[in-house]
Engineer: 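Quick one: this structure, given as structure tokens, is what I'll be asking you about.
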Amino acid sequence: MKKTTDEHKKSGKRILFSVVFLVLGFILAFSYRTLGKSGEPGSIKSAAFAQEEQYRESLINQQERNKELSDEIAAKQEKIRKYEQSFSNREEEHAGLVEEAKDLRLLLGVVPAMGQGIRVTLQDADYDPVEQNPNDYIVHESHILRVVNELTISGAQGLAINGQRITSDAYIKCTGPVITVDGRTFPAPFVIEAIGDTDVLSASLHLKGGVIDSLIRDNIIVTTEQVKDLRLSALRNES
């Protein structure tokens with residue numbers, strides 16, 4: 001009877017151990033699954049973070065490259081602007097040289113001159129040859145030169161005396177009642193024509209104590225006229 005009881009006890013222990021091991025195995029299996037599932041979001045999160053960092057780095061590199069390209073474009077645009085400015089300056093210089101050459105040709109008298117201007121006429125005053133000295137009442141080359149020089153200083157672009165075009169080195173000589181201009185002889189009255197700004201030319205001659213006043217003091221009859229359309233022929237070279 002006692003032997004049977006011992007066998008029952010041993011059998012009960014084996015069953016108990018089996019149940020314990022079964023429960024322990026079940027717990028371990030459940031824990032492994034739970035831990036495995038809880039680790040999957042962490043792995044996904046790590047992969048997403050790595051990809052985000054890669055995108056961020058790529059974006060930074062692209063921004064830096066865009067800045068380099070923007071700087072390069074700005075440098076090329078500045079270079080083009082300088083070229084354009086250089087071309088513009090050259091065109092302006094060319095236009096200035098053309099205008100200067102035109103003015104020089106007008107002053108040299110090698111081309112006809114046309115435009116607004118002024119006409120100054122000098123005449124001998126009336127005098128009594130018996131009681132008065134004729135030289136005190138006739139036009140001399142000094143009178144003509146005063147007018148010519150004043151007009152030249154005031155910006156006249158072309159000058160002529162009695163239709164004869166003159167330049168800065170023109171030879172003007174008085175011989176009695178006539179004058180000689182570059183070898184051509186002209187009687188009075190002497191008509192001096194100048195192309196330029198009519199207001200400036202006229203004002204320069206009529207300054208108080210200026211050319212006109214000095215001519216009147218020398219008994220020269222002076223008349224001035226502003227002309228809208230004045231034409232001067234080119235210089236005539238005669239041997």
Side-chain angles (χ1 to χ4, degrees), residues 95-127 133-239:
L97 290 174
V98 170
E99 193 64 27
E100 184 178 352
K102 179 182 177 182
D103 292 341
L104 288 174
R105 283 194 292 268
L106 289 172
L107 291 174
L108 292 172
V110 296
V111 295
M114 295 177 291
Q116 65 174 345
I118 190 170
R119 181 180 291 122
V120 182
T121 304
L122 306 182
Q123 299 185 65
D124 300 335
D126 294 331
Y127 63 93
N133 185 355
N135 288 326
D136 295 336
Y137 296 89
I138 65 174
V139 178
H140 296 285
E141 69 264 23
S142 61
H143 300 136
I144 295 175
L145 287 172
R146 287 182 211 171
V147 177
V148 169
N149 290 337
E150 185 65 31
L151 293 173
T152 301
I153 293 171
S154 301
Q157 296 178 313
L159 288 162
I161 300 175
N162 285 34
Q164 170 68 25
R165 191 76 175 272
I166 64 171
T167 61
S168 59
D169 59 350
Y171 176 75
I172 302 173
K173 179 65 176 177
C174 174
T175 307
V178 299
I179 63 168
T180 301
V181 180
D182 291 335
R184 299 187 69 208
T185 301
F186 301 98
F190 306 108
V191 180
I192 304 169
E193 295 175 315
I195 287 182
D197 189 316
T198 56
D199 293 333
V200 173
L201 297 178
S202 180
S204 67
L205 292 175
H206 288 87
L207 286 173
K208 186 176 181 180
V211 174
I212 299 295
D213 287 348
S214 69
L215 292 174
I216 293 174
R217 285 195 302 268
D218 289 344
N219 302 312
I220 305 300
I221 300 175
V222 185
T223 58
T224 61
E225 177 188 2
Q226 294 187 12
V227 184
K228 293 183 178 180
D229 186 15
L230 194 60
R231 298 173 183 269
L232 305 181
S233 60
L235 185 64
R236 288 177 287 185
N237 294 320
E238 297 180 0
S239 55

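From a predicted model like this one, the values you see are computed outputs, not experimental measurements.
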Engineer: At their closest point, which heavy atom of A125 faces which heavy atom of N219, and how far apart are they?
Structural biologist: CB-O, 2.8 Å
Engineer: Any idea which heavy atoms bring L201 and A156 closest together, and the distance?
Structural biologist: CD2-N, 4.1 Å
Engineer: Start with the C-alpha distance between D199 and Q226, add both sets of side-chain angles, then the distance that settles side-chain contact (heavy atoms from CB on, under 4.5 Å), and finish with yes or no.
Structural biologist: CA-CA 8 Å; D199 293 333; Q226 294 187 12; 3.9 Å; yes
Engineer: So, for E150 and L205, which heavy atoms are closest and what is the spacing to 0.1 Å?
Structural biologist: CG-CD2, 3.8 Å
Engineer: Where do V181 and F186 land on the side-chain contact (heavy atoms from CB on, under 4.5 Å) test, with the steps shown first?
Structural biologist: CA-CA 8 Å; V181 180; F186 301 98; 3.9 Å; yes
Engineer: Drop me the distance from L145's CG to T152's OG1, to the nearest 0.5 angstrom.
Structural biologist: 10.0 Å
Engineer: Is there side-chain contact between R165 and D182, with at least one heavy-atom pair below 4.5 Å?
Structural biologist: no
Engineer: Tell me if a side-chain donor or acceptor on S202 pairs with a main-chain N or O of T198 at a distance below 3.5 Å.
Structural biologist: no
Engineer: If you round to the nearest 0.5 Å, how far is CD1 of I144 from NZ of K173?
Structural biologist: 12.0 Å
Engineer: Could you grab the distance from atom CG of D124 to atom OH of Y137, nearest 0.5 Å is fine?
Structural biologist: 12.0 Å
Engineer: Looking at every heavy atom in both A160 and L232, which two are closest together, and how far apart are they?
Structural biologist: CB-CD2, 3.9 Å
Engineer: Name the residue from V211, V147, V148 that meets the side chain to side chain contact (heavy atoms under 4.5 Å, CB included) definition with V120.
Structural biologist: V147
Engineer: In Å and rounded to the nearest 0.5 Å, what is the OG1 to CG distance from T121 to N162?
Structural biologist: 9.0 Å
Engineer: Roughly how far apart are H143 NE2 and R146 CZ, rounded to 0.5 Å?
Structural biologist: 4.5 Å
Engineer: Nearest 0.5 Å, what's the CG-CD1 distance between L230 and I118?
Structural biologist: 10.0 Å
Engineer: Within a strict 4.5 Å, meaning less than it, do heavy atoms of the L122 and V222 side chains meet?
Structural biologist: yes
Engineer: Using a 6.0 Å cut-off, check whether atom CG of N133 has over 12 heavy atoms from anything other than its own residue.
Structural biologist: yes
Engineer: If you compare all heavy atoms of G163 against all heavy atoms of S233, which two are closest, and at what distance to 0.1 Å?
Structural biologist: O-OG, 3.8 Å
Engineer: Is the side chain of R119 donor-acceptor paired with the backbone N or O of E225 at a distance under 3.5 Å, no angle test?
Structural biologist: no
Engineer: Does the side-chain contact (heavy atoms from CB on, under 4.5 Å) test come out yes or no for T185 and T175, once each step is laid out?
Structural biologist: CA-CA 9 Å; T185 301; T175 307; over 6 Å; no
Engineer: Decide yes or no for H206 and T224: does some side-chain heavy atom of the first lie under 4.5 Å from some side-chain heavy atom of the second?
Structural biologist: yes
Engineer: Between D229 and R231 (salt bridge meaning N to carboxylate O under 4.0 Å), is one present in this structure?
Structural biologist: yes
Engineer: Could you report the tightest heavy-atom contact between C174 and V139, atom names first, then the distance?
Structural biologist: SG-O, 3.6 Å
